[in-house]
Amino acid sequence: MIRYLLIVATIVMTTSFVSANDIYIEQVGDNLDLDVVQDGTGNSIGTSVTDMKLTGDDMTFDITQTGSNNTIDAIIGGNTYTGTWVFTGSTNTVDLVCDQTTNVNCETVTLNITTTGDTNDYTIKIGENADAQNLVANFTVTGDGNTFTTDVDGTNVALTVTVDNSGSVGANTVDIDIAGDGTTGHTAVIDITGSGTFTLDQSGLNDQTVNIQTNGDNQAVNITQSD
């Protein structure tokens, strides 16, 4: 008899500004509902040595992090993932990998990331070997000197990126790489206000769409599409 582990959980972790804190979670099971709230400086959710690892289908994992010099290092494995990540602060680092195992795929992903602050570094990797069949991602960055790198392997990707650093001369860097043969479409909507470097590589079978709007000086924009 095959037994399935079913875990339904809501976990809220809130910390104060008094001192830095670390959170490490390794979870296996379906229907996880995880909320993490951190306030302060120098906090971490996983590290490059000890990642936060969440494995299971129908997962909801939300993060609200306020403060500076915080880090997130998370690995997610599962067929369906929904996440809302909200960051306020500067000099934070985020490293997210969705689907790092061979037997579980991030097939349906909805991810919303909003950040307000400067000199933050975000690296988002979703899907492996064109496994992200349906990805809806919205990235909103307000601030200066931020670096946003996204590597997506998928067959149906709808990506919206909004960057605004109009209040300063600090430049942002956004690098988006969408790989995999599209079957129902790859779509990228990019709205840029301010200066910076923006690169989009998008591949697929004759169904790629890019809608880009820019407003600002000293922008470097590179777009590559292939069939």
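All residue numbers refer to positions in the sequence shown, counting from 1.
The structure places CG of Asn165 at 5.0 Å from CG of Asp144, a figure rounded to the nearest 0.5 Å. Atom OG1 in Thr173 sits 9.0 Å away from atom CG in Asn146 (nearest 0.5 Å). Distance CG/Asp177 to CG/Asp151: 5.0 Å, rounded to 0.5 Å. Taken from CG in Asn138 to OG1 in Thr110, the straight-line distance is 9.0 Å, to the nearest 0.5 Å. Between Thr150 atom OG1 and Ile126 atom CD1 the span is 7.0 Å, to the nearest 0.5 Å. How far CG of Asp153 is from NZ of Lys125: 10.5 Å, rounded to the nearest 0.5 Å.
Taking hydrophobic clusters as Ile, Leu, Val, Met, Phe, Trp and Tyr residues chained together by side-chain heavy-atom distances below 4.5 Å, Leu32 shares a cluster with Ile23. Taken together through direct or relayed side-chain contacts under 4.5 Å among Ile, Leu, Val, Met, Phe, Trp and Tyr, Tyr24 and Met52 form parts of separate hydrophobic clusters. Tracing side-chain contacts under 4.5 Å through hydrophobic residues (I, L, V, M, F, W, Y), one never reaches Val221 starting from Val189; they form parts of separate clusters.
In this structure, Trp85 and Ile72 have side chains that are in contact, with non-hydrogen atoms separated by less than 4.5 Å. Using a 4.5 Å heavy-atom threshold, the side chains of Asp58 and Thr80 count as touching. Using a 4.5 Å cut-off on side-chain heavy atoms (C-beta onward), Phe87 and Ile113 make contact. Ile25 has its side chain within reach of Leu54: a pair of non-hydrogen atoms, C-beta onward, lies under 4.5 Å apart. By the 4.5 Å heavy-atom criterion applied to side chains, Phe139 and Leu159 are counted as neighbours. Gln27 has its side chain out of reach of Leu34: every pair of non-hydrogen atoms, C-beta onward, lies at least 4.5 Å apart. In this structure the side chain of Tyr81 reaches within 4.5 angstrom of the side chain of Leu111, judged on heavy atoms. Within the 4.5 Å cutoff, the side chain of Asp164 has no heavy atoms near those of the Thr162 side chain.
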**OP:** Tell me, with the steps shown, if Thr91 and Thr119 meet side chain to side chain donor-acceptor pair (under 3.5 Å).
**Re:** CA-CA 5 Å; Thr91 322; Thr119 61; 3.2 Å; yes
Original post:
What do the steps show when you test Ile178 against Ile176 for side chain to side chain contact (heavy atoms under 4.5 Å, CB included), and what is the final call?
Top reply: CA-CA 7 Å; Ile178 301 175; Ile176 302 169; 4.0 Å; yes
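Evaluated for a side chain to side chain contact (heavy atoms under 4.5 Å, CB included) with Gln65, the options Val86, Thr88, Ile45 yield exactly one hit, Ile45. Under the side chain to side chain contact (heavy atoms under 4.5 Å, CB included) rule, Phe198 has a single partner from Ile192, Ile223, Ile212, Val161, which is Ile192. The one candidate from Asn21, Thr66, Thr71 that meets the side chain to side chain donor-acceptor pair (under 3.5 Å) condition with Asn43 is Asn21. If you run side chain to side chain contact (heavy atoms under 4.5 Å, CB included) between Cys98 and each of Ile76, Leu135, Ile75, Ile124, only Ile76 comes through.
In terms of heavy atoms, Asn79 sits closest to Asp57 at N-OD1, 2.9 Å. Contact detail for Gly145 and Asn172: the closest heavy-atom pair is N-OD1, 3.1 Å. Ala74 and Phe61 make their closest contact through CB-CE2, 4.4 Å (heavy atoms, listed as atom of the first residue, atom of the second, distance). Taking each heavy atom of Ala171 and Gly196 in turn, the nearest pair found is CB-CA, 3.8 Å. Between Asp217 and Ser195, the closest heavy-atom pair is O-CB, 3.2 Å.
In the model, Asp22 has a side-chain atom that pairs as donor or acceptor with a side-chain atom of Ser44 under 3.5 Å.
Without hydrogens or angle criteria, Thr199 side chain to Asp175 main chain gives no donor-acceptor distance under 3.5 Å. Judged by distance alone, the side chain of Asn70 and the main-chain N or O of Gly42 form a donor-acceptor pair under 3.5 Å. Counting only distance, with no hydrogens or angles, the side chain of Asn112 and the backbone of Thr84 share no donor-acceptor pair below 3.5 Å. Formation of a donor-acceptor pair under 3.5 Å by the Asn92 side chain with backbone atoms of Asn69 is found in this model.
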